[in-house]
Peer 1: 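Take this structure, written in structure tokens, and hold onto it; I'll ask about it next.
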2 protein chains.
Amino acid sequence: MSHLETRQLRYFVAVAEEEHFGRAAARLGMAQPPLSRAIRELERQLGVQLLVRTTRQVSLTPAGRTLLEDARVALDAVAAAGNRARRVGTGRPALRLALKADYDAGLLPGILDAYDALPVELVLGGYLEQIVALREGRADVALVATTFDGRGLDSEPLITGPRVVALAASDPLAARTSLRLSDLAGRLLPNGMPAEQWFSGTTGGQYRPLDLSQIFNLIEVGSAVWFLPAWLAERTPRPGIAYRPLEGAEPVTLSVVWPAASRSTAVAAFVRVAQEAARNAGFPAVVAGTSL
Amino acid sequence: MSHLETRQLRYFVAVAEEEHFGRAAARLGMAQPPLSRAIRELERQLGVQLLVRTTRQVSLTPAGRTLLEDARVALDAVAAAGNRARRVGTGRPALRLALKADYDAGLLPGILDAYDALPVELVLGGYLEQIVALREGRADVALVATTFDGRGLDSEPLITGPRVVALAASDPLAARTSLRLSDLAGRLLPNGMPAEQWFSGTTGGQYRPLDLSQIFNLIEVGSAVWFLPAWLAERTPRPGIAYRPLEGAEPVTLSVVWPAASRSTAVAAFVRVAQEAARNAGFPAVVAGTSL
DNA sequence: CTCGATTGATACCGTAGCGATATGAGTCAC
DNA sequence: GTGACTCATATCGCTACGGTATCAATCGAG
């Protein structure tokens, strides 16, 4: 029984995700025939059929589905091993904190002030990049503002607040004291996504991310609305923008997240400091209906 | 930047564990020169020195130590991915329960009776084999009777009881109502290990395992003593053997353990059934000093 | 100090296996 | 039925992996 190689798993993940040999091969930067052969060899090695191929469709068998899940975890673990070793060997040690720009609710200065165990490097990125950075060992800890797939990750909540909607002050809807999602049907988010799709679990892969100032520009001129946590809205008052509570939306929790396998004392200390900072920040329970 | 392959990690783990290229090559079933070259290439890829070589000694750098740890985790994850896929694809589904023979505290029949989600396959093995089987995906859940390295594993306690010592009924020490570890200095355990080493964190790799009947034979004739959980002793009364409480020993907890990454409902159901069975078994809080 | 033993590095070679190109075969749309 | 699409097969070239032979450095014995 020969050993599995990460190359085989990478190839399989590509095909399984694309459900298409040609696209998977393109994504991997190789031709389709050797990819087909590699997958066939993988199936022979495992003694298991992973994919059902017709000439028009590629679909996963149950074994393929479990392998897809497990292979992603395994590939992350391999990448993390390399990244962590590379990092320990080169450069001075530092705690790498994955952060979404401006999403720290004002806690960051206090945390960095109080955290003296190690210098802190910031790894900026959106929600998905944060999680991937943790899984691949490119970040040690993250501040994350959404519910997330917690496989292999531990977290502690820091602060919680309702979700609010940001719209142009001149918008007719700004006259209302609170809004519902259905009020915003037909409006667009800053990234171009229809507002009513926001809570329906879209990946957003096809929508381009923007930075905060671009977002606020779009909102001010009335060409977009946006959903954001109240603790973020409080910190960014803008004359041309009105924030209104969004009824029926789940509250948003800012959490500190780290790999469950981590036994780093530096990470543990950071978590403690962050929790302390959140308590001291004294976020009041924001009452729904408060005008921000 | 090229990708890490499991072959590179396997080679590195072998060299790092042996701290010797020749022995590592032998263990891998290959010649030494290509192994040296592979490690050098791995260091080049990571841009980090992993090993310090002199002609007489190979030792790990800090980066090498972290890579050794992470690589073992990653290799386990890869192996688990393959094993789980192989298993899902072939044969009927079953819950594979890793078990140390006779260590179920009598809970097993009740659990198997109540567990009807899936047929259950038993995977027998000692403590270490149980943990490895879970990590490599060869078992779904285990009943474990020792504290263990919980990295990547979740557990729930089932029952707890004091540790007792088993010795021949004719042994002079059997006249005492309770014993301390120091009373047993010079005695041997059934596997040949000196009794006083039992709690000093030995790996026991050099001592051969025995099955319960062999163990009890050795104890009956007075050539060995043994430490075991009270809930195991209760279930195996033997005329020629006396059980005495062991003062100063930690209580032993029987736990149900599973991979933290598992989201299998079959495993979750098993855990619930096992906890229920443990409650119903009505193990009384065993008072230290009780004669068994 | 010299010599042999030990151990990792270097040089060189044969080949397995990986990936590319060309082509075949099955299926669907029209 | 024909053309487009998609995966499988056939074949070839080359990379890179592993083996053998040898060198170089270190250490211990005498």
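Here the structure is a predicted model, which means the values were calculated and not measured. Order of the sequence lines fixes the chain letters, A, B, ..., with proteins taken first and strands second; residue numbering starts at 1 for each chain.
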Peer 1: State whether a side-chain donor-acceptor pair under 3.5 Å links A:Glu41 with A:Gln8.
Peer 2: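 Side-chain D/A pair, A:Glu41 to A:Gln8: absent.
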
Peer 1: Output the rounded distance in Å from CD1 (B:Ile39) to P (D:dA16).
Peer 2: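 Rounded to the whole Å, the gap is 18 Å.
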
Peer 1: Return whichever of B:Arg23 or A:Arg37 has its heavy-atom-nearest nucleotide of DNA chain C closer to the 5' end.
Peer 2: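 Of the two residues, B:Arg23 wins.
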
Peer 1: What nucleic acid atoms does B:Gln32 come within less than 4.0 Å of, heavy atoms only: base, sugar-phosphate, or nothing?
Peer 2: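 Base: the residue B:Gln32, judged by heavy atoms under 4.0 Å, touches a nucleobase.
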
Peer 1: Which sits closer to the 5' end of DNA chain D, A:Pro33 or A:Arg56, going by the nucleotide each is nearest to?
Peer 2: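 Taking each residue's closest nucleotide, the earlier one in sequence belongs to A:Arg56.
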
Peer 1: On DNA chain D, nearest-nucleotide positions of B:Thr54 versus A:Gly22: which is more 5'?
Peer 2: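 This one resolves to A:Gly22.
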
Peer 1: Side chain of A:Arg40: nearest nucleotide among D:dG19, C:dG19, D:dA8?
Peer 2: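 Selected nucleotide (nearest to the side chain): D:dA8.
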
Peer 1: Nearest to the side chain of B:Arg53, which nucleotide is it out of C:dT7, C:dG19, C:dA9?
Peer 2: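 Out of C:dT7, C:dG19, C:dA9, the nucleotide with an atom closest to B:Arg53's side chain is C:dA9.
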
Peer 1: Measuring to OP1 and OP2 of C:dA9, would you say a side-chain N or O of B:Ser36 lies under 4.0 angstrom away?
Peer 2: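 True: B:Ser36 side-chain N/O within range (under 4.0 Å) of C:dA9 OP1/OP2.
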
Peer 1: Provide, to the nearest angstrom, the distance between the CD atom belonging to A:Glu18 and the P atom belonging to D:dC5.
Peer 2: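 Distance, rounded to whole Å: 18 Å.
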
Peer 1: Tell me yes or no: between the side chains of A:Thr90 and A:Arg86, is some donor less than 3.5 Å from an acceptor?
Peer 2: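 The answer is no; no qualifying pair exists.
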
Peer 1: Whole-Å distance between C:dA9 P and B:Leu42 CG?
Peer 2: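 In whole Å, C:dA9 P and B:Leu42 CG are 13 Å from each other.
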
Peer 1: Below 4.5 Å, heavy atoms only, C-beta onward: do B:Met30 and B:Leu35 meet side chain to side chain?
Peer 2: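 The answer is yes; the side chains approach within 4.5 Å.
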
Peer 1: With respect to the phosphate group of D:dC7, does any side-chain polar atom (N or O) of A:Thr55 fall under 4.0 Å of OP1 or OP2?
Peer 2: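 It does not, given that no N or O in the side chain of A:Thr55 lies less than 4.0 Å from OP1 or OP2 of D:dC7.
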
Peer 1: Using 4.0 Å as the upper bound for N to carboxylate O, is an ion pair formed by B:Glu18 and B:Arg27?
Peer 2: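 Salt bridge between B:Arg27 and B:Glu18, a charged N being under 4.0 Å from a carboxylate O: yes.
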
Peer 1: Measure OH/A:Tyr11 against C1'/C:dG17 and give the value in whole Å, please.
Peer 2: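 After rounding, the reported distance stands at 12 Å.
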
